[in-house]
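Here is the structure we will look at, set down as structure tokens.
Just so we're clear, the structure is a prediction, and the values are computed from it rather than from any experiment. The sequence lines fix the lettering, A, B, ..., with proteins before strands; numbering per chain opens at 1.
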Protein chains: 2
Amino acid sequence: EKFVVSGITCKKDEAKVNIINLPDRPGIAARIFSELSNNNINVNMIAQSSLDDNSGINNISFTVSREDLPKVVKIMENLKKELGAKDVITSNNIAIVSVVGIGMKTNPGVAARMFSILGNEKINIEMISTSEIKISVVIKEEFANKAVQLLHKEFELDKV
Amino acid sequence: EKFVVSGITCKKDEAKVNIINLPDRPGIAARIFSELSNNNINVNMIAQSSLDDNSGINNISFTVSREDLPKVVKIMENLKKELGAKDVITSNNIAIVSVVGIGMKTNPGVAARMFSILGNEKINIEMISTSEIKISVVIKEEFANKAVQLLHKEFELDKV
Ligand SMILES: C[C@@H](O)[C@H](N)C(=O)O
Ligand SMILES: C[C@@H](O)[C@H](N)C(=O)O
């Protein structure tokens, strides 16, 4: 199955929320996103990596629109005590850049190429979330235009 | 924009790889996935949450097919020293369950409902990766059939 990169997308005016050292047990993620949903907060990207399954803790990050951040900070401060999370850290100067395509899961090189373009430019990748048709990363918004331009070039989308 | 859940997918025979306490600087993710790509390893899901941007460390998790795990373990053991990662932890009994739909980013309730179904069943969510059209979680494979069945019911896909 040949992969085809069909486009690069960029979402600015985003903010990142990191919930640090949550209890890693069933129902925790449900509680967080139910609370956000009840407050009509749209969540764009959610990423949770995995630690040691015996550690009993984990971290979750998600993005929201920058204008929702103050409201989200209040919600999370209350939730933090209830959940027993160690910290809630936010950042309001980020963007989500994505490579969109078909068949990317069968082509391990696409993520490698995308991350290399950013790495070579010294752009730090803060969050990663992927599916077969989309690889999304969070980077500082100041680098977003540059990232999109370089990715367009790498995947030859400017020659179309 | 109304959201529509069009299906539940389940990928079994997967394995999870967690790289713990990596240096959080440009080029690290590129190195990992270039090495995997050079070894023809297909990566299904990648998730990286964010910690404290001043901590200098991060964790990355990804999934591969179970049959590729022994090869990946060797690759990662070599890479671990080069990158200065604290640990590489793997798990070979997981599955990826996804809710697939349209317009999910504008509907915060979908992730909340999916996570609640799993949480109520005491199924622990080990990894999360999302896009507007797909919410994917990693859970223990022994719970996959149950999870799919319950999610079908929740999103009324069995009434179609
Ligand atoms: C950390 C969080 O995802 C937890 N494991 C849960 O299942 O809700
Ligand atoms: C941890 C890893 O993602 C690193 N921040 C990078 O940009 O490569």
task: Answer yes if the side chains of B:Lys16 and A:Ser50 hold a donor-acceptor pair under 3.5 Å, and no otherwise.
output: yes
query: Any luck finding a side-chain donor-acceptor pair between B:Ser131 and A:Ser131 under 3.5 Å?
result: no
- prompt: Given A:Thr130, which of B:Ile46, B:Thr63, B:Asn44 fulfils the side chain to side chain contact (heavy atoms under 4.5 Å, CB included) condition?
  reply: B:Ile46
A:Lys74, NZ: over 12 other non-hydrogen atoms inside 6.0 angstrom: no
- prompt: So does A:Glu67 have more than 12 non-hydrogen atoms from other groups sitting under 6.0 Å from CD?
  reply: no
task: Quick one: which of B:Asn39, B:Leu36, B:Asn21, B:Asp24 has the most heavy-atom pairs under 4.5 Å with chain A, could you say?
output: B:Asp24
message: Heavy-atom pairs under 4.5 Å with chain B: which of A:Gly27, A:Gly119, A:Ser61 has the most?
response: A:Ser61
query: Do you know which of A:Ile28, A:Leu51, A:Ile96, A:Ile123 has the most heavy-atom pairs with chain B at a distance under 4.5 angstrom?
result: A:Leu51
Enter the distance from [X]:[atom1] to [Y]:[atom2] here, rounded to the nearest 0.5 Å.
| X | Y | atom1 | atom2 | result |
| --- | --- | --- | --- | --- |
| B:Lys134 | A:Lys134 | NZ | NZ | 13.0 Å |
| B:Ile20 | A:Ser55 | CD1 | OG | 7.5 Å |
| B:Phe33 | A:Ser116 | CZ | OG | 11.0 Å |

query: Looking only at heavy atoms, what is the nearest atom pair of B:Ser37 and A:Gly109, with distance?
result: OG-CA, 3.3 Å
Minimum heavy-atom distance between B:Ser49 and A:Ser49, given as atom pair plus value: OG-OG, 3.5 Å
field: Which atoms of B:Ser91 approach chain A - backbone, side chain, both or neither, heavy atom under 4.5 Å
entry: side chain
message: Side chains of B:Asn59 and A:Asn59, heavy atoms from C-beta outward: is any pair under 4.5 Å?
response: yes
- prompt: Is there a side-chain contact between B:Asn124 and A:Pro26, using heavy atoms and a 4.5 Å cut-off?
  reply: yes
- prompt: Any donor and acceptor pair, going by atom type alone, linking the side chain of A:Gln48 with main-chain N or O of B:Gln48 inside 3.5 Å?
  reply: no
